[in-house]
Amino acid sequence: MARIPDQKITQDLLRDYYEARGRDLPWRENRDPYKVWVSEIMLQQTRVETVIPYFNTWIERFPKLSDLADADEESILHLWQGLGYYSRARNLLKAIQIVDEHMGGSVPRDPMKLRTLPGIGEYTANAIASIAFGEPLAAIDGNLRRVLSRLFDLPDPSSADLKSKATLLLDIERPGDWNQAVMDLGATVCTPRTPDCGECPLENQCQSAKKGTQVQRPISKPKLRTRSVIQTVVIAVNSEGEFLLRKRPTEGLLAGLWEFPGTELTGNNVETSPHEDVAKNLGIDLTGDKTELIPLNSLVDKLSHLTVTYQPLLVIGFDSISHCVTPDRGYCWAGGDAVKNLPLPVGQQKLLKLAREALDAKNIQYRPSVSMSG
DNA sequence: AAGGCGTGGCC
DNA sequence: TGGCCAAGCCT
């Protein structure tokens, strides 16, 4: 018999569930506020299984807050490489430095103070405060929204609805465990598409389960149309076997990461030769006698809001580079190990792989090598 | 205040 | 396969 969710009953059931079936995750080994913080940032819009190896590597490299405070942006972006939403990494570094320099090096337990830090919004502030410090706050994320929406059969709960229901049910004696129990439940049982209600400790209290409306709760927002662009790319390899890369702007898409130079194919340059234009700006003459041009297969990269089709041209054998390609303009030549140490978006890593395969096929050495000849 | 911001897994 | 989805934040 389904009944309206009861505070005491749901607390007991969730506590039992978390003790019996709660996941054993690296950031749950203790309540180190710094580690809780790092984990919460990494987990934003990102699955647990994806985060685990990144978290472990991160903590190994920066065991304490003070270690991270000394880091530089390029290093942390490299550690973040492949995790996505890179502003999280840059904001985390900024925020850690603020705590280190202006807050005595200790993570604040006051959620309002936490929220002043870049990258920490209402959810993350409450998560850190409740998990690390036991502050009686509900961390309202996608999981809690979905669970509450189903428990109370609310199609589209407002922020105020969620706050009142969450506050009603929150276990104020163990708020951190309660929040994490809901997250585990939402991630493994009360899932969006195919909830496993037979395994749910709250099934008897769930109004949606009673009515059979689970999969319609909560209603999903209409999705945004993704834009498509074509990106012309020049992959230049010099006589040292190094690749020419440039650093992306410090704001916006993939900020601060490195990429092969290129330009968006638009209505204006489609009639001309975009590859040639890009190369010219790099000081590379594509028409030189020794210059070899190898068109690579185009590659489609799907981002959250953007689909990019790369049209890469591999350029080798040129013999002059103009003055404009210098480090102070955000460009660099990077061979084997150097490329490994630059933060590259996944799409650029795929381009790099394509280029190396093409060079291998032509038996061209792309790593700096020790010359054995006199 | 709606849209920008990554990536990989799932069916 | 292509669209949907995942512990949000920022502007």
Side-chain angles (χ1 to χ4, degrees), chain A residues 18 22-23 25-28 35-55 77 80-92 94-95 114-132 137-148 158-159 162 166 176-195 215 218-229 248-257 259 300-308 343-350:
Chain A
Y18 191 59
R23 289 173 292 180
L25 301 172
W27 47 90
R28 290 180 179 171
K35 293 184 185 173
V36 172
W37 182 358
V38 171
S39 75
E40 286 303 334
I41 301 300
M42 287 186 169
L43 285 162
Q44 288 169 3
Q45 301 289 284
T46 312
R47 319 186 92 87
V48 163
E49 315 82 67
T50 304
V51 166
I52 290 174
Y54 283 88
F55 177 83
L77 283 176
W80 207 271
Q81 175 176 281
L83 196 52
Y85 287 143
Y86 297 92
S87 68
R88 294 183 294 173
R90 295 183 293 114
N91 283 334
L92 176 59
K94 281 185 216 157
L114 284 166
R115 287 194 61 178
T116 67
L117 296 165
I120 298 185
E122 184 170 19
Y123 160 76
T124 304
N126 288 4
I128 295 172
S130 64
I131 295 169
L137 300 161
I140 302 177
D141 67 335
N143 287 308
L144 182 49
R145 174 168 186 267
R146 187 168 57 256
V147 169
L148 290 177
S158 70
S159 159
L162 293 172
D177 286 352
W178 188 87
N179 281 323
Q180 295 190 86
V182 173
M183 293 177 203
D184 279 13
L185 189 69
T188 64
V189 176
C190 194
T191 55
R193 313 263 230 128
T194 54
V215 291
I219 60 165
S220 55
K221 296 171 238 173
K223 50 258 168 199
L224 318 162
R225 255 185 67 100
T226 62
R227 211 159 49 89
S228 291
V229 300
R248 291 183 57 85
T250 54
E251 307 248 314
L253 184 66
L254 302 165
L257 280 73
E259 67 180 2
V300 177
D301 192 20
K302 296 183 153 203
L303 291 78
S304 54
H305 61 296
L306 191 65
T307 299
V308 184
L344 294 183
V346 170
Q348 300 295 320
Q349 294 177 46
K350 291 177 183 170

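Here the structure is a predicted model, which is why all the values come from computation and not from measurement. Below, each value reflects all heavy atoms present in this structure, side chains not excepted, and no hydrogens, waters or symmetry copies. Naming convention: chains lettered A, B, ... in sequence-line order (proteins, then strands); numbering from 1 in each chain.
Residue A:Val48 is classed as a base contact, given a heavy-atom separation below 4.0 Å to a base. If you check every strand for non-hydrogen atoms under 4.0 Å, A:Leu92 touches nothing. If you check every strand for non-hydrogen atoms under 4.0 Å, A:Ser39 touches nothing. Counting non-hydrogen atoms under 4.0 angstrom, A:Trp27 reaches a base of the nucleic acid. As judged by a 4.0 angstrom heavy-atom cut-off over every strand, A:Arg248 is placed among residues making no nucleic acid contact.
Atom-to-atom, NZ of A:Lys94 to C1' of C:dC10 comes out at 11 Å; the value is rounded to the nearest Å. In this entry the distance linking CG of A:Asp141 with P of C:dC5 reads 16 Å, nearest Å. C:dC9 atom C1' lies 12 Å from atom CZ of A:Arg90, rounded to whole Å. Atoms CG (A:Leu144) and C1' (C:dG8) sit 14 Å apart, rounded to a whole Å. Nucleotide C:dC10 holds its P atom 14 Å from the OH atom of A:Tyr123, rounded to whole Å. Whole-Å rounding puts the A:Tyr54 OH to C:dA6 C1' distance at 15 Å.
Straight-line distance between the P atoms of B:dG3 and C:dC4: roughly 15 Å, to the nearest whole Å. A gap of 14 Å separates the P atoms of C:dT11 and B:dG6, to the nearest Å.
Applying the salt bridge (charged side-chain N to carboxylate O under 4.0 Å, His left out) test to residues at least two apart or on different chains, none of the pairs has a partner in residues 218-228 of chain A.
To the nearest 0.5 Å, atom CG of residue A:Leu148 and atom CG of residue A:Leu144 are 4.0 Å apart. Distance check: A:Glu40 CD to A:Leu92 CG gives 12.0 Å after rounding to the nearest 0.5 Å.
A close approach under 4.0 Å does occur between a side-chain nitrogen or oxygen of A:Thr124 and OP1 or OP2 of C:dC9. Checking the phosphate oxygens (OP1, OP2) of C:dA6, a side-chain nitrogen or oxygen of A:Arg146 falls inside 4.0 Å.
A:Arg28 pairs by the side chain to side chain contact (heavy atoms under 4.5 Å, CB included) definition with A:Tyr18, A:Arg23, A:Leu25, A:Gln180, A:Asp184, not counting sequence neighbours. In this view, A:Thr250 satisfies the side chain to side chain contact (heavy atoms under 4.5 Å, CB included) rule with no residue, not counting sequence neighbours. Every side-chain hydrogen bond (donor to acceptor under 3.5 Å, both in side chains) that A:Ser130 has, sequence neighbours left out, goes to A:Asn179. Residues passing the side chain to side chain contact (heavy atoms under 4.5 Å, CB included) test with A:Ser87, sequence neighbours excluded: A:Arg90, A:Asn91.
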Q. Could you run down nucleotides 5-11 of chain B 5' to 3' and tag each one B, S or - for protein heavy-atom contact under 4.0 Å?
A. BBBB---
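Nearer to the 5' terminus of DNA chain C, by closest-nucleotide assignment, is the contact made by A:Lys221 (compared with the other of A:Lys221 and A:Leu117). If you find the closest nucleotide of DNA chain C to A:Gln180 and to A:Ile120, the one lying nearer the 5' end belongs to A:Gln180.
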